[in-house]
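Quick notes on the structure that follows.
The chains referred to below are lettered A, B, ... by the order of the sequence lines, with proteins before strands, and numbering in each begins at 1. Small disclaimer: the values here were computed from a predicted structure and weren't measured.
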There are 2 protein chains.
Amino acid sequence: MSLATDRGKPQSADKPTLYKQIRIDIERRILTGEWPPGHRIPYEHELMSLYGCSRMTVSKALSELAQADLIERRRKAGSFVRRPTFLSAVLKIADIRAEIGALGRSYGYELLQCSRRTANAADRDRLGARKTGKVIAIACRHSADDVPFAIEDRLIDLDAVPEAATADFATEPPGTWLLHHVPWTEAEHSISAIVADEQAAAALDIAIGAPCLVIDRHTWRSARPLTAVRLLYPGDSHKLVARFKGG
Amino acid sequence: MSLATDRGKPQSADKPTLYKQIRIDIERRILTGEWPPGHRIPYEHELMSLYGCSRMTVSKALSELAQADLIERRRKAGSFVRRPTFLSAVLKIADIRAEIGALGRSYGYELLQCSRRTANAADRDRLGARKTGKVIAIACRHSADDVPFAIEDRLIDLDAVPEAATADFATEPPGTWLLHHVPWTEAEHSISAIVADEQAAAALDIAIGAPCLVIDRHTWRSARPLTAVRLLYPGDSHKLVARFKGG
DNA sequence: CGTATCGATATGTCTATACATAAAATCGTC
DNA sequence: GACGATTTTATGTATAGACATATCGATACG
C-alpha cells in the first residue's frame with residue numbers, strides 16, 4: 001500500500017531552545033528506562049531550579065510530553081511516566097493518486113461502474129445511515145505505470161454530500177474529488193486480508209486465490225456518514241508501513 | 001488483530017477554558033470548511049482582541065493546532081490552514097496477551113521453538129544489524145479460548161538485549177517480556193497480506209491458501225536493532241482498526 | 001472508628017511584558 | 001529595472017506574578 005510514513009514528533013535537530021532541551025532531556029530519560037513507568041518526575045519547581053528557568057518554561061515542556069502520552073500529570077500529586085501498554089503509531093495514508101505520483105510512477109484511472117439509486121437495506125447498513133436517501137455507487141480501478149494498483153468500491157451518501165451529484169467521476173477519482181471538496185471530521189479504517197475472487201482477480205490481473213490487502217474506510221462529518229469505501233490491493237506487492245514512536 | 005483504537009485528542013467534554021474554546025472554535029471552522037486549506041487565520045493580535053485575551057493565550061491555542069498538523073505557522077506571514085494531503089491515524093497496537101485479555105477471552109501460549117545461535121547472513125539482514133553476534137530465534141503460538149490466534153516468529157539480538165538470555169520464554173511470551181523489560185525508541189511496522197503455506201496453515205489450524213494478515217515489526221533503541229518479529233493472523237477473523245482524525 | 005472539613009501543595013490557566021528571529025516588504029543604490 | 005541592505009512585522013521563546021482548581025493528608029467532629 002505504500003503509505004507515507006511518519007512519526008509524531010521526529011527527532012529533528014531543532015534549535016536548542018530551552019523548553020525543547022528540557023523536553024528532550026526528560027524524553028531521553030523515559031525512553032532509556034532511566035525513569036521507568038510510574039516514576040514521579042521532579043516537581044515543576046524542582047525542574048525550574050534545576051534548569052534555571054521559569055515555571056512556564058518547564059510547564060511547556062511537560063505539557064508537550066503529556067500531549068504525546070509519555071507522561072501523566074496530576075494536580076497536587078505531580079507528573080508520572082506512563083505505563084507503555086500500547087505502541088502508538090501515526091499512519092499517514094495518502095490519496096491513491098498522490099501516492100502513486102509520489103512513487104514517481106504514472107497514474108492511471110478507469111471508472112468501471114457508476115450508478116445512482118435510492119439506498120437499499122444493504123447500502124444503509126454499509127453506510128451506517130438510518131434514513132433511506134439517494135446514494136452513488138462507484139467501482140473504479142487505479143493503476144501505476146499501466147499495472148493495476150488497486151480497485152475501489154465506494155458508496156457516497158448524496159443527502160450528506162449533494163455536491164457529488166455534479167462531480168465527474170469519469171475523469172477524477174472519487175477519493176481525490178472528496179478529499180478536495182468535502183470536509184470531514186472522522187474516519188475509521190479497518191485493515192484485513194482476503195483472497196481474490198474471480199472478479200477481483202480479473203480486475204487486478206492477478207490469480208484467483210492470490211492474497212489481497214483490504215482497507216475499509218468509513219468517513220463521517222459530525223457523526224453523519226458521508227462515504228464508505230473498500231480498497232483492494234494485491235497483497236504481495238503492497239504494504240502498509242508505519243513508523244512508531246515508543247514509550 | 002484487534003487493536004485498540006483511539007484518536008489523538010478525543011472530543012472529551014473538557015472544561016471550557018479560554019484557550020481550549022479558541023482552539024475548538026478555530027478547529028470547527030477548519031473542519032467544516034468555513035476556512036478552507038490555504039486560508040490565512042487571523043493574526044494573533046486580531047484574535048486577542050477578538051476573544052479579549054492576551055497573546056500568550058491565543059498562541060497556546062494555535063500551538064496545539066499546529067502540533068495536530070491542522071495549521072501551519074510561518075513567521076511574519078501568519079498561520080494557514082494546512083492542505084489535507086494525508087489522513088493521519090493513531091493506531092494503538094497492544095501486546096497480544098493484553099489484547100486477548102481485553103477481549104474477555106482466555107489467553108494461551110505455546111513455545112514452538114527456541115534456539116540460540118551466532119547470527120548468520122539471513123539473521124543480520126533481517127535485523128538490519130551490521131555485526132555478527134549472538135541471536136535468539138523464537139517461534140511461538142498465541143491462542144484465544146484455545147483457538148489459534150496468531151503465530152509469531154521472532155529474532156532477538158542478544159548483544160543489544162543481553163537480559164534476554166536469562167528470560168524464560170517457555171512461560172512468558174517474548175513480546176510481553178520485551179515490552180516490560182526493554183526500553184525502545186523506535187519501531188516500524190509493515191502490514192501486508194499473504195496466503196497460508198502448509199506450515200502456517202497447520203499452526204493456525206486453517207486451510208492452506210487461506211488469507212493471512214502479516215505484521216512485520218522492527219524495533220530499535222537509538223538506531224540499534226533490538227528485535228524483528230513477524231506475526232501472522234488468520235485474515236478472515238482479524239482486523240486492524242484505526243480511528244482517524246481529519247483535516 | 002468513620003466521616004466531614006480544611007489547609008497545604010502542585011498543577012492549570014492567564015496576564016503583561018520583553019526580546020529574539022525569520023521573512024515579507026520597502027528602500028536605496030548602481 | 002535589478003539587486004542588496006534595511007525596516008517592518010508576526011511569530012517564537014521566555015519571564016514573573018497572579019489566581020483557580022484538584023487532591024492529598026491531617027485534623028476535628030460525630
Give a yes/no answer on whether the side chain of [X] brings an N or O atom under 4.0 Å of OP1 or OP2 in [N].
{"X": "A/Thr57", "N": "D/dT15", "value": "yes"}
{"X": "A/Arg73", "N": "C/dA10", "value": "no"}
{"X": "B/Lys60", "N": "C/dG12", "value": "no"}

field: Listed partners of B/Arg75 passing side chain to side chain contact (heavy atoms under 4.5 Å, CB included), at least two apart
entry: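 So B/Arg75 forms no side chain to side chain contact (heavy atoms under 4.5 Å, CB included) with any residue.
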
Write down the distance between [atom1] ([X]) and [atom2] ([N]), rounded to a whole number of angstrom.
{"X": "A/Met56", "N": "C/dT11", "atom1": "CE", "atom2": "P", "result": "14 Å"}
{"X": "A/Leu18", "N": "C/dA18", "atom1": "CG", "atom2": "C1'", "result": "16 Å"}
{"X": "B/Glu64", "N": "C/dG12", "atom1": "CD", "atom2": "C1'", "result": "12 Å"}
{"X": "B/Tyr19", "N": "D/dA20", "atom1": "OH", "atom2": "C1'", "result": "14 Å"}
{"X": "B/Tyr51", "N": "C/dT13", "atom1": "OH", "atom2": "C1'", "result": "17 Å"}
{"X": "A/Ile71", "N": "C/dG12", "atom1": "CD1", "atom2": "P", "result": "8 Å"}

From [options], pick the nucleotide closest to the side chain of [X]?
{"X": "A/Ser59", "options": "C/dT13, D/dT15, D/dT11", "answer": "C/dT13"}
{"X": "A/Lys76", "options": "D/dA14, D/dT13, D/dC24", "answer": "D/dC24"}
{"X": "B/Arg75", "options": "C/dT15, D/dT15, C/dT21", "answer": "C/dT21"}

- request: Under 4.0 Å between any heavy atoms, over every strand shown, what does B/Leu62 touch: base, sugar-phosphate, or nothing? Just pick one.
  value: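 Here B/Leu62 touches no strand at all.
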
Gap between atom OG of A/Ser106 and atom CG of A/Asp146 - 0.5 Å precision: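 Spacing of CG (A/Asp146) from OG (A/Ser106) equals 5.5 Å.
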
message: Looking at B/Thr57 and B/Cys53, would you say the former's side chain and the latter's main chain have a donor-acceptor pair under 3.5 Å?
response: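 No, the answer is negative, given that no donor and acceptor are paired below the 3.5 Å cut-off.
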
- prompt: C/dG12 base to A/Arg74 side chain: any donor-acceptor pair below 3.5 Å?
  reply: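 By the distance-only test, no, there is no pair.
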
- request: Pull out every residue in residues 39-49 of chain A that has a heavy atom closer than 4.0 Å to any atom of DNA chain C, ordered by number, or say none.
  value: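 Listed by number, they are A/Tyr43, A/Glu44, A/His45.
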
query: Which comes earlier along DNA chain D counting from the 5' end, the contact point of A/Arg55 or that of A/Ala77, where each point is its nearest nucleotide?
result: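 Nearest-nucleotide comparison on DNA chain D picks A/Arg55.
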
message: Quick one about A/Thr227 and A/Arg154 (side-chain donor to acceptor, distance below 3.5 Å, no hydrogens or angles considered), yes or no?
response: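 Result is yes, a qualifying pair exists.
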
- prompt: Does the side chain of B/Asp145 come under 3.5 Å of the side chain of B/Tyr107 through a donor N or O and an acceptor N or O?
  reply: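 Per modelled atom types, B/Asp145 and B/Tyr107 side chains form no pair under 3.5 Å.
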
task: Identify whether NZ of Lys or CZ of Arg in A/Arg73 sits under 6.0 Å from the centre of the six-membered ring of A/Phe80 and within 45° of that ring's axis.
output: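 Negative - A/Arg73 is either too far from the ring of A/Phe80 or too far off its axis.
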
Would you mind writing out the side-chain donor-acceptor pairs for residues 160-170 of chain B within the sub-3.5 Å range, not counting sequence neighbours?
unit_1, atom_1, unit_2, atom_2, d
B/Thr166, OG1, B/Glu163, O, 2.9
B/Asp168, OD1, B/Ala170, N, 3.1
B/Asp168, OD2, B/Thr171, OG1, 3.2

